[in-house]
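For ligands, and for the atoms within them, numbers begin at 1 and follow the listed sequence. Note: hydrogens, waters and symmetry copies are ignored here, and every other heavy atom, side chains too, is used.
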Amino acid sequence: NGVTLESLRLSLIRQEDTIIFGLIERARFPTNSPTYNESYVSTPTFSGTLVHFVVKETEALQAKAGRYANPEEHPFFPDNLPPSVVPPYNFTEVLHPPAASININKDIWDMYFKKLLQLFVAPGDDGNYASTAASDLVCLQALSRRIHYGKLVAEVKFRESPGEYEPAIRAKDRDALMKLLTFESVEEEVKKRVAKKAMVFGQEVTLNNDDNKGKYKVDPLVVARLYGDWIIPLTKLVQVEYLLRRLD
Ligand SMILES: C=C(O[C@@H]1C=C(C(=O)O)C=C[C@H]1O)C(=O)O
């Protein structure tokens, strides 16, 4: 049905733009720590941080609009989501059905708030907590989509050489699967390209073009590091999880 490793890689490349613009938008605001402080929100019906509140409420709305009927979308708070009010679209089934049980958004959430944020956001507080939470949501959804794309990538790799993957799947050998699905040269290209995109997208555009040399809205080296240390490893984790269920 037309899905190839090449077409999936092109989609991952396009998703880099979304992720980098998301980071640039979040970096407009300083840390704004009340966004992440449980004592800041007071309502009798919800206890948690403002960002938790915004993500949960937005997901409920988007679930009604049919967002999670798409197998490429994964909610951060899947419990008690309201049903969709729109008719189902007939998405082509590419994935092996047990794929639906894989959702590593808990890991993505922790990575984003405990590791990533402090690497590209300046300390400080400007009071824009609602906008801060909204831009965190955009980043989280873009990262989640990219990382769970690993399911499709793994399916295509499996179809290309089932004979190589099957023994490792039956042996539940995670290390062997990780080796099989890894393409180091592709990862190196990804890291270089995202650093370059961060330079291009994150420069100040002025008519007088020699003003802003070397000043970027998000540090290109940090973007490469986000990919190398977190985004790529989690995409590969999804691939391993998918492959382990591929013969169920
Ligand atoms: C996604 C792929 O699988 C692995 C993960 C990569 C990534 O997350 O960018 C890149 C190369 C592979 O090691 C791929 O092969 O394209």
Checklist entry - Which protein non-hydrogen atom lies closest to atom 8 (O) of ligand 1, naming both residue and atom, and how far is it? => result Arg146 NH1, 2.8 Å

Checklist entry - Looking at Asp110 and Lys106, does any basic side-chain N land under 4.0 Å from a carboxylate oxygen? => result yes

Next on the checklist: I'd like to check which ligand 1 atoms, numbered from 1 as shown, lie under 4.0 Å from a non-hydrogen atom of Thr182.
Outcome noted: 13 (O)

Next on the checklist: Between Arg159 and Glu155 (salt bridge meaning N to carboxylate O under 4.0 Å), is one present in this structure?
Outcome noted: yes

Item to check | Sole candidate of Thr31, Asn32, Thr132 that passes side-chain contact (heavy atoms from CB on, under 4.5 Å) when paired with Asp125 | outcome: Asn32

Next on the checklist: So is Glu184 touching ligand 1 or not, going by heavy atoms under 4.0 Å?
Outcome noted: no

Checklist entry - Which bit of Val153 is near ligand 1, meaning a heavy atom under 4.0 Å away: side chain, backbone, both or neither? => result side chain

Next on the checklist: Tell me the nearest of Arg9, Lys157, Glu187 to atom 2 (C) of ligand 1, using heavy-atom distances.
Outcome noted: Lys157

Checklist entry - Do Glu72 and Arg67 sit within salt-bridge range, that is, some charged N less than 4.0 Å from a carboxylate O? => result no

Checklist entry - Backbone or side chain, does any N or O of Phe183 fall under 3.5 Å from an N or O of ligand 1? => result yes

Item to check | Protein heavy-atom partner closest to atom 1 (C) of ligand 1 - residue, atom, separation in Å | outcome: Gln239 NE2, 3.6 Å

Checklist entry - Just wondering, do Thr49 and Val41 contact through their side chains at under 4.5 Å, heavy atoms? => result no

Checklist entry - Considering only the protein, which heavy-atom contact is closest to atom 5 (C) of ligand 1, and what is its distance? => result Lys236 CG, 3.7 Å

Next on the checklist: So, applying ring-ring contact (aromatic ring centres under 6.0 Å, His included) with His52, which one of Tyr36, Phe76, Phe46, Phe113 is it?
Outcome noted: Phe46

Next on the checklist: Please classify the Ile231 to ligand 1 contact at 4.0 Å (heavy-atom distances, strictly less than): side chain, backbone, both or neither.
Outcome noted: neither

Checklist entry - Does the pair Glu59/Lys56 count as a salt bridge with the N-to-O cut at 4.0 Å? => result no

Item to check | Under 4.0 Å to a heavy atom of Leu181 - the qualifying atoms of ligand 1, by number | outcome: 3 (O), 4 (C), 12 (C), 13 (O)

Checklist entry - Is any side-chain N of the basic residue among Arg9 and Glu189 closer than 4.0 Å to the acidic one's carboxylate O? => result no

Checklist entry - For ligand 1, which atoms, with element, lie under 4.0 Å from some heavy atom of Thr235? => result 8 (O)

